[in-house]
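Notes to accompany the following structure.
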Amino acid sequence: MIKLHHLQYSRSSRIIWLCEEGGIPYEMVSYDRDPVTRRSPPELGEAHRLAKAPTVEVDGHVMVESSAIIEYLVEKHSDGALGVAPDHPERAKYLEWLHFAEGTMGMSFILTGIAPMLGGLPELLGGFLQAEVDKILDHLEIELEGKDFLVADKFTGADINLHYMLEGRSALGELESRPNCKRYFEALVARPGYQKTVELGGPVLLPKPG
Ligand SMILES: N[C@@H](CCC(=O)N[C@@H](CS)C(=O)NCC(=O)O)C(=O)O
């Protein structure tokens with residue numbers, strides 16, 4: 001049994017979703033964000049000094065990093081149905097997308113997403129990052145043409161990982177002009193596994209201030 005340290009309004013929703021859809025047994029400890037700073041509370045730092053979510057206790061290791069956690073849990077603690085086997089022709093593509101969410105996507109998506117709550121970004125940097133977001137969404141729009149999922153014609157951990165990054169963009173209306181991204185996002189959040197995730201872990205996004 002793994003132990004998931006879940007922080008409200010956070011990426012650890014991904015691991016609830018993965019466990020629910022992947023039949024991975026888990027126990028969960030939930031933490032609230034600090035109402036002023038929005039950071040994790042000191043108690044999460046008792047599980048791992050970074051105090052980041054997700055943190056997962058698994059096989060004697062206290063593990064951080066969503067993409068690595070997803071890859072490990074799918075391969076070691078599930079029947080593998082939410083992954084893509086090493087000999088599958090789309091294995092390389094699966095790993096690429098699984099790591100893309102926190103890799104290439106992460107910085108520009110997160111910084112432009114939280115900037116409004118933190119007084120905004122300087123104009124030049126804001127423009128630079130928004131151009132990155134637009135380019136990545138345009139790439140995703142092309143990749144999703146005629147497809148329901150990112151890879152291998154099935155729902156995988158890569159879809160779970162990427163979904164988090166689209167929550168903020170959906171809230172900002174940036175999927176409206178990208179019909180494939182919008183259709184994909186709406187199908188993901190309509191899944192019973194996602195509904196269950198929100199029921200157990202609360203909404204994924206921080207509510208807008210005010
Ligand atoms: N790249 C890491 C990012 C982890 C991360 O920054 N998590 C956020 C929640 S979405 C967090 O713990 N924030 C609270 C804080 O840093 O105080 C991952 O994918 O797990």
Side-chain angles (χ1 to χ4, degrees), residues 2-22 24 26 28-59 61-77 82-83 94-119 121 129 132-133 136 140 150 156-172 185 188-189 194 197-198 200-209:
I2 70 157
K3 187 171 184 178
L4 166 63
H5 296 268
H6 170 62
L7 177 67
Q8 66 173 169
Y9 315 125
S10 88
R11 289 163 168 92
S12 45
S13 300
R14 288 167 165 161
I15 309 304
I16 304 176
W17 193 358
L18 184 84
C19 291
E20 289 295 326
E21 292 223 25
I24 301 168
Y26 68 107
M28 183 165 90
V29 189
S30 292
Y31 305 82
D32 288 347
R33 285 183 184 264
D34 182 291
V36 177
T37 64
R38 309 286 192 178
R39 306 231 57 167
S40 59
E43 295 78 45
L44 183 54
E46 289 166 21
H48 187 289
R49 70 177 77 91
L50 288 177
K52 291 284 177 199
T55 292
V56 167
E57 293 181 43
V58 57
D59 299 335
H61 178 55
V62 184
M63 189 169 189
V64 292
E65 263 329 305
S66 309
S67 319
I69 293 169
I70 290 173
E71 195 173 332
Y72 187 75
L73 293 183
V74 165
E75 289 178 10
K76 193 90 193 293
H77 287 268
L82 294 184
Y94 165 67
L95 290 177
E96 182 181 309
W97 277 113
L98 176 60
H99 292 273
F100 188 80
E102 286 295 327
T104 302
M105 261 182 144
M107 187 174 58
S108 55
F109 276 58
I110 296 296
L111 287 179
T112 53
I114 65 173
M117 283 179 278
L118 298 172
L121 287 165
L129 292 172
E132 281 297 295
V133 169
I136 290 166
L140 185 63
L150 287 170
T156 68
D159 296 300
I160 290 178
N161 220 24
L162 192 107
H163 154 269
Y164 178 80
M165 296 297 170
L166 293 185
E167 280 272 354
R169 300 353 276 198
S170 171
L172 289 166
F185 176 77
L188 288 181
V189 300
Y194 177 80
T197 299
V198 174
L200 295 171
V204 172
L205 276 194
L206 268 163
K208 282 198 185 124

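We count residues from 1, following the sequence as given. Predicted model, so just to flag it, every value in this text is computed and none were measured. We count ligands from 1, going down the list as the structure has it; atoms in each ligand are counted the same way.
- Rounded to the nearest 0.5 angstrom, R33 CZ and Y9 OH are separated by 9.5 Å.
- Neither the backbone nor the side chain of Q8 has any atom closer than 4.0 Å to an atom of ligand 1 (non-hydrogen atoms only).
- Numbered from 1 in the order shown, with element, the atoms of ligand 1 that lie under 4.0 Å from a heavy atom of R14 read 19 (O).
- When only interatomic distances are considered, the shortest N/O to N/O separation between S10 and ligand 1 does not fall below 3.5 Å.
- At least one donor-acceptor pair under 3.5 Å links the side chain of H6 to the backbone N or O of G201.
- In Y31, neither the side chain nor the backbone holds a heavy atom less than 4.0 Å from any atom of ligand 1.
- Distance check: D32 CG to L7 CG gives 8.0 Å after rounding to the nearest 0.5 Å.
- Between N161 and S67, the shortest heavy-atom contact is ND2-OG, 3.1 Å.
- At a heavy-atom distance under 4.0 Å, only side-chain atoms of E102, from C-beta outward, approach ligand 1.
- A donor and an acceptor atom, one from each side chain of T55 and H5, are nowhere located under 3.5 Å apart.
- When each atom of ligand 1 is checked for a heavy atom of P54 under 4.0 Å away, the hits are 20 (O).
- Between the side chain of S170 and the backbone N or O of L166 there is no donor-acceptor pair closer than 3.5 Å.
- In this structure, the protein non-hydrogen atom closest to atom 10 (S) of ligand 1 is R11 NH1, 3.1 Å.
- For E102 and R14, the salt-bridge test passes: some basic side-chain N is under 4.0 Å from an acidic carboxylate O.
- Checked by distance only, ligand 1 and Y9 stay at 3.5 Å or farther apart across all their nitrogen or oxygen atoms.
- Given atom 16 (O) of ligand 1, the protein heavy atom at minimum distance is K52 NZ, 2.5 Å.
- Not a single N or O atom of R38, backbone or side chain, sits closer than 3.5 Å to an N or O atom of ligand 1.
- Within the 4.5 Å cutoff, side-chain heavy atoms of L82 are placed close to those of E21.
- Atom 4 (C) of ligand 1 has A53 O, 3.6 Å as its closest protein atom, hydrogens excluded (heavy atom only).
- Heavy-atom proximity to Y164, at under 4.0 Å, picks out these atoms of ligand 1: 10 (S).
- Across F109, W97, W17, a single residue satisfies ring pair (Phe, Tyr, Trp, His ring centres under 6.0 Å) together with H163, and that is W17.
- The shortest N or O to N or O distance between S40 and ligand 1 is below 3.5 Å.
- What sits closest to atom 18 (C) of ligand 1 on the protein, heavy atoms only, is S66 OG, 3.3 Å.
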